[in-house]
Amino acid sequence: MVSSEPSLDVAAANVWVRKLREWWMVLVAAVVVIALGVACVLVGRHLSSVHEQQKADTDAVQTASDEVLGLITLDPAHIKAELAALKARTTGDFRQQFDGILATFANTVASENITAKGKIVDAGLSSLTPTTATVVVASTTKVTHKGATTPQTRNYRMSIDLSLVGANWLITGMKFVA
Amino acid sequence: MSEIKVDPLTNAAAPNRHRAWAGILLAIALVLVLVLVGLLVALRVKTHRASPNADDRASAQTTAAMTTANSSLATLLSYTPQNVSQDLASETELLTGQFKTDYTQLVTTVVAPSAIRGGVTTQAVVVGSGVVTASADTVTLIEFVDVSTTSKNLPESRVSGSRLRVTMQNVDGHWLISNLQPV
């Protein structure tokens, strides 16, 4: 038997062509799988960022609403615990200012027997950056005190500034929109 | 005749192997297609529902809705005895849906006659606003508005503050007020 070099090359090429014919489907399937995998990762990452954004929106509005609700819901018997909860949601200079009026506020509520039952009417996100937010809150409360035992309804418009500290939105400022 | 070395085992196994691989990869592709469809559906739901969790409360689109609401409210709630009727046509261009009809009727039958009779002039300023819910086509806002009023009986300006829940609808690329109610 004689085996010539060119014949071997042709034979080898034929083997490759045959292998390619046999495996082309596998190659195409592999490319499709890779493309789908990349698409899944990209869409998943976008979904995750959307989720994070939504969470930031919701958390900021919720924190502001909780603070306002705490401020307009007063019970002389639990005022210290209520004020501690309010203080826990504040930060920075505002926390110090808040700290400065806590004792007076608690004493007034207790001595005047002030009770208030508040309700958040609406709350909306005014502005948002990755680390700051401003939320406007419309609220209503029914107040009684020593001099007025019949509940008086009061409506408030408030603007709350927040900062993201770690994983939590904390309040850095609060004002009545007169 | 040339001699080609053929491995009978290789030749016999190759078709099975590539078919097996193709099958495995197609199965993976199918799973990935399902995952991708699921992710796209989740993304669609998350970005298009109108709820407090909607993602675009701070998006450019929503900011545009809020800016339009602020200027439209100031326009609608500011009037003089001279322009209260004349401006109605241009004001209704800021509105849509049933609210457009209701507003037109209210101004025609109540506000304009009262303003002309009493010499009432109002000037409205939006002093605060925030997005309550948002989706691609609808944005709900809470608006704080101060309205300063003078009249024949009230020469000194009196300012009253209100809280309004405003619904904005995107109609052909324009944000229009589709509902307005005090809260």
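We name chains A, B, ... by the order of the sequence lines, and we start the count at 1 in each one. Side-chain atoms are counted along with the backbone in the values below, which use heavy atoms only and exclude waters and symmetry mates.
With chain A as partner, the option from B/G23, B/G130, B/G128 having the largest number of non-hydrogen pairs under 4.5 angstrom is B/G130. The residue among A/A29, A/C40, A/G37 with the most heavy atom pairs within less than 4.5 Å of chain B is A/C40. Put simply, of B/V159, B/L141, B/D146, B/V183, the one with the most heavy-atom pairs under 4.5 Å next to chain A is B/D146. Options A/L47, A/L27, A/T129 differ in how many heavy-atom pairs under 4.5 Å they form with chain B, and the most are formed by A/L47. Across B/G38, B/S129, B/G161, B/A22, the residue that shares the most heavy-atom pairs under 4.5 angstrom with chain A is B/S129. With chain B as partner, the option from A/N155, A/V121, A/V32 having the largest number of non-hydrogen pairs under 4.5 angstrom is A/N155.
A/S126 contributes atom OG, which lies 11.5 Å from atom CD1 of B/I142 (distance to the nearest 0.5 angstrom). Atoms CG and CZ, from A/D122 and B/F144 in turn, are 8.5 Å apart once rounded to the nearest 0.5 Å. The distance from the CG atom of B/L25 to the CD1 atom of A/I34 is 9.0 Å, given to the nearest 0.5 Å.
Using a 4.5 Å cut-off between heavy atoms, B/L40 contacts chain A through both its backbone and its side chain. Both the backbone and the side chain of A/V33 come within contact range of chain B, each with at least one heavy atom under 4.5 Å from a heavy atom of that chain. With a 4.5 Å cut-off on non-hydrogen atoms, B/V33 touches chain A through its backbone and its side chain both. Contacts between A/V135 and chain B at a heavy-atom distance below 4.5 Å are absent for every atom of the residue. For chain A, the nearby part of B/S162 is the backbone; its heavy atoms alone come within less than 4.5 Å.
Of all the heavy atoms in A/V43 and B/L43, the pair that sits closest is CG1-CD2, 4.5 Å.
Hydrophobic clustering (side-chain heavy atoms under 4.5 Å, transitive across Ile, Leu, Val, Met, Phe, Trp, Tyr) groups B/V31 together with B/V37. Cluster annotation: A/F176 is connected to A/V137 through the hydrophobic network of ILVMFWY side chains, with a link wherever side-chain heavy atoms come within less than 4.5 Å. In terms of hydrophobic clustering, with Ile, Leu, Val, Met, Phe, Trp and Tyr side chains grouped at heavy-atom distances under 4.5 Å, A/V28 and B/W21 are assigned to a common cluster.
Of the N and O atoms on the side chains of A/T140 and B/R163, at least one donor lies less than 3.5 Å from an acceptor on the other residue.
Formation of a donor-acceptor pair under 3.5 Å by the A/R157 side chain with backbone atoms of B/V145 is found in this model.
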